[in-house]
Amino acid sequence: MEKLIINGPAKLNGSVRVSRAKNAYLPILAGVLLCEEPVTLKNIPELRDINTMKKLLENLGVKITGDNTAMTFDCSKIDHVEATYDLVKTMRASICVLGPLLTRFNEAKVSLPGGCAIGTRPIDIHLSKLEKLGANIQLEAGYVHATTKGLIGTNLVLDFPSVGATENILMAAVLAKGTTKIENCALEPEVTDLANFLNTMGAKITGIGTKTLVVEGVERLTGGEYEAIGDRIEAATYIIAGLMTNSEIKVEGFVPEHLEFVLNKMKAAGAKLEVEDQAVHVYPSKMTSIDVDTAPYPGFPTDVQAQFIALATTIEESSVITENIFENRFMHVPELVRMGADISLKGNAAIVKGGNTLVGAPVMCTDLRASAALVLAGLVAEGETEVQRVYHLDRGYEKLAMKLSNLGADIKRVD
Ligand code: EPZ
């Protein structure tokens, strides 16, 4: 099983360009199923989750040509509507093919995604709102079997601003008859990017970027070209790498306002950051304690929580980081403690007492963002850190070892 060997402490310099956003391209790849003409997507990141979604699309009969710089998807000959367990179980976002398949073909059979390391992650909001649009939902042997005589637009209010539910329902509404109003939508930039993609393909969505999306159903979507936004979570990870190693680096290729809350939190704690149009310049900073509560956008993103805990281990005073979105998203904590961090958990809060020098150790990845936290800790720890099960990292970080090595880190990937 591949692992990363990191020798710390590291000093970083230079600049790193982040990839296009995984969490934008995953729903966009599901949205491709709505299009009757070829869709070309630009600069798709080479990630395990993206490859899983591509396999799922090919299993449905989608023809995929080209390479990651320009990949074309032809959905004119989809020959069946079942997304099987073997693929869905490895990547929950696959559930987002349910809405597109159902609204275009009046039937979809998608394996229940099951839980994952960070929580049970139910899909009750997805299913209840599809029923309101006219779907008949049966749960059969671990599969969601949805059928309809044709979805009909209506007014919906999401019980929680779920990212995936907003995306699934939005895509279902695009080809539904009549108007659908979706209230309490998720505001994440990746949701906005999906809506912009769908409109580029001929959908009629208004209210983009607000909590209320209004969709005028259309007969069909055409096709065209699209490139997703830069990955703000990847960007946050590298900004934190710069802060933890007290380095001067530039992180580019994303929209800084998509990280406004995070950047403001960092600056309030003493981080010296220069925000440019599509980049953030990080300078050596003496930071004070950081208290954070994760929340739906525009609040502090849960996907940066683990990396913030790693950052807090390098700050003298104590910090409190509270996770409000997922019920089990502290699996990086015991591994960080093994490296000498002083972190105690009280319910959904992690109290991080900084100031200890971390010491390199063999550590194990458990989920995508926990893995990123371990790599960040390895950059500052004294000695060698061996990060095992790096396939978790490959789900969401394109060429991580190469990008960090180009910034000056002593990191290599070994079998
Ligand atoms: C998306 O997951 C992201 N994944 C996650 O990123 C991210 O952590 C999450 O949004 C929150 O920002 C992708 O975009 C592919 P949710 P999603 O539905 O859509 C509850 C990463 O590291 N909920 O907003 O699954 C749910 O249990 C990944 O890149 C219901 O109760 O997140 C959770 O507690 C991890 N019922 C909360 O809402 C539902 O029907 C937020 O989930 C749906 C969700």
Side-chain angles (χ1 to χ4, degrees), residues 18-31 45 47-50 52-53 56 88 90-99 110 112-132 137 144 156-172 182 184-194 228-229 231-237 258-259 261-262 294-308 323-329 331-332 348 365-373 392-398:
V18 298
S19 304
R20 305 288 91 195
K22 162 180 88 81
N23 289 351
Y25 262 140
L26 286 175
I28 286 172
L29 284 169
L47 297 170
R48 277 184 67 228
D49 279 5
I50 296 286
T52 302
M53 187 61 102
L56 193 155
V88 175
T90 63
M91 210 254 314
R92 304 176 30 72
S94 326
I95 194 65
C96 274
V97 303
L98 183 61
V110 181
L112 277 166
C116 76
I118 62 178
T120 52
R121 303 186 71 185
I123 56 167
D124 53 311
I125 303 173
H126 300 240
L127 301 184
S128 62
K129 302 312 170 193
L130 285 174
E131 284 179 324
K132 285 222 167 33
I137 304 265
V144 174
L156 304 169
V157 183
L158 299 189
D159 315 57
F160 175 85
S162 150
V163 171
T166 303
E167 293 165 344
N168 227 341
I169 299 309
L170 177 64
M171 291 190 277
I182 313 167
N184 197 26
C185 289
L187 290 168
E188 274 69 3
E190 294 77 21
V191 175
T192 295
D193 210 22
L194 171 68
I229 53 174
D231 195 315
R232 64 192 170 105
I233 308 300
E234 186 188 3
T237 307
H258 290 166
L259 272 183
F261 199 100
V262 173
T294 66
Y297 196 88
F300 190 95
T302 173
D303 290 352
V304 181
Q305 175 260 103
Q307 303 92 311
F308 243 61
E323 172 58 56
N324 300 302
I325 303 291
F326 290 109
E327 65 266 33
N328 184 31
R329 202 170 195 179
M331 282 172 295
H332 38 291
N348 63 338
C365 296
T366 49
D367 60 272
L368 171 57
R369 306 304 174 182
S371 316
H392 287 286
L393 272 171
D394 295 340
R395 298 191 55 166
Y397 286 93
E398 187 180 39

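Remember, it's a predicted structure, so these values are computed and weren't measured experimentally. Each residue takes its place number in the sequence, starting with 1. Each ligand, and each atom within it, is numbered from 1 in the order the structure gives.
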Test: [X] and [Y] ion pair at under 4.0 Å:
| X | Y | value |
| --- | --- | --- |
| R232 | E190 | yes |
| K129 | D159 | yes |
| R92 | D49 | no |

Looking only at protein heavy atoms, identify the closest one to [atom] and say how far it is in Å.
| atom | result |
| --- | --- |
| atom 3 (C) of ligand 1 | N23 ND2, 3.8 Å |
| atom 11 (C) of ligand 1 | T302 CG2, 3.8 Å |
| atom 25 (O) of ligand 1 | R121 NH2, 2.9 Å |
| atom 24 (O) of ligand 1 | V163 N, 2.8 Å |
| atom 22 (O) of ligand 1 | R369 NE, 2.9 Å |
| atom 23 (N) of ligand 1 | P122 O, 4.1 Å |
| atom 37 (C) of ligand 1 | F160 CE2, 3.7 Å |
| atom 40 (O) of ligand 1 | I125 N, 2.8 Å |

Spacing of [atom1] belonging to [X] relative to [atom2] belonging to [Y], to within rounding of 0.5 Å:
| X | Y | atom1 | atom2 | answer |
| --- | --- | --- | --- | --- |
| R48 | M91 | CZ | CE | 10.5 Å |
| L393 | L368 | CG | CG | 7.0 Å |
| D193 | E167 | CG | CD | 10.0 Å |

(request) Have a look at S162, A186, A370 and point out the one with the heavy atom closest to atom 18 (O) of ligand 1. (result)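 Checking each option, the heavy atom nearest atom 18 (O) of ligand 1 is found in S162.
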Is there a polar contact between ligand 1 and [X], counting only N or O atoms under 3.5 Å apart?
| X | answer |
| --- | --- |
| E167 | no |
| K22 | yes |
| L26 | no |
| L368 | no |
| D303 | yes |
| F326 | no |

(request) Evaluate side-chain contact (heavy atoms from CB on, under 4.5 Å) for L98 paired with L127, printing each intermediate quantity in order. (result) CA-CA 9 Å; L98 183 61; L127 301 184; 3.8 Å; yes
(request) Flag the pair V88 / I95 as yes when at least one side-chain heavy-atom distance between them is below 4.5 Å, and no otherwise. (result)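 Side chain of V88 against side chain of I95, heavy atoms only: no contact under 4.5 Å found.
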Using a strict 4.0 Å cut-off to heavy atoms of [X], name the atoms of ligand 1 that fall inside it.
| X | result |
| --- | --- |
| A93 | 15 (C) |
| G164 | 18 (O), 19 (O) |
| I325 | 33 (C), 34 (O), 37 (C), 41 (C) |
| R329 | 8 (O), 22 (O), 35 (C) |
| I123 | 39 (C), 40 (O) |

(request) Have a look at ligand 1 and work out which part of D367, if any, has a heavy atom under 4.0 Å from it: side chain, backbone, both or neither. (result)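 Looking at D367 and ligand 1, no heavy atom falls under 4.0 Å.
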(request) Indicate, as side chain, backbone, both or neither, the part of M53 found under 4.0 angstrom from ligand 1 when only non-hydrogen atoms are considered. (result)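 For M53, there is no contact with ligand 1 at all, from either part.
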Which heavy-atom pair separates [X] from [Y] by the least distance, and what is that distance?
| X | Y | answer |
| --- | --- | --- |
| H126 | I169 | O-CD1, 3.5 Å |
| L259 | A235 | CD1-CB, 4.2 Å |
| V304 | A236 | CG2-CB, 3.9 Å |
| C96 | G164 | SG-O, 3.8 Å |
| Y397 | A372 | OH-CB, 3.5 Å |
| A165 | S162 | N-OG, 2.8 Å |

(message) Under 4.0 Å from atom 20 (C) of ligand 1, is there at least one protein heavy atom?
(response)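 So atom 20 (C) of ligand 1 lacks protein heavy-atom neighbours under 4.0 Å.
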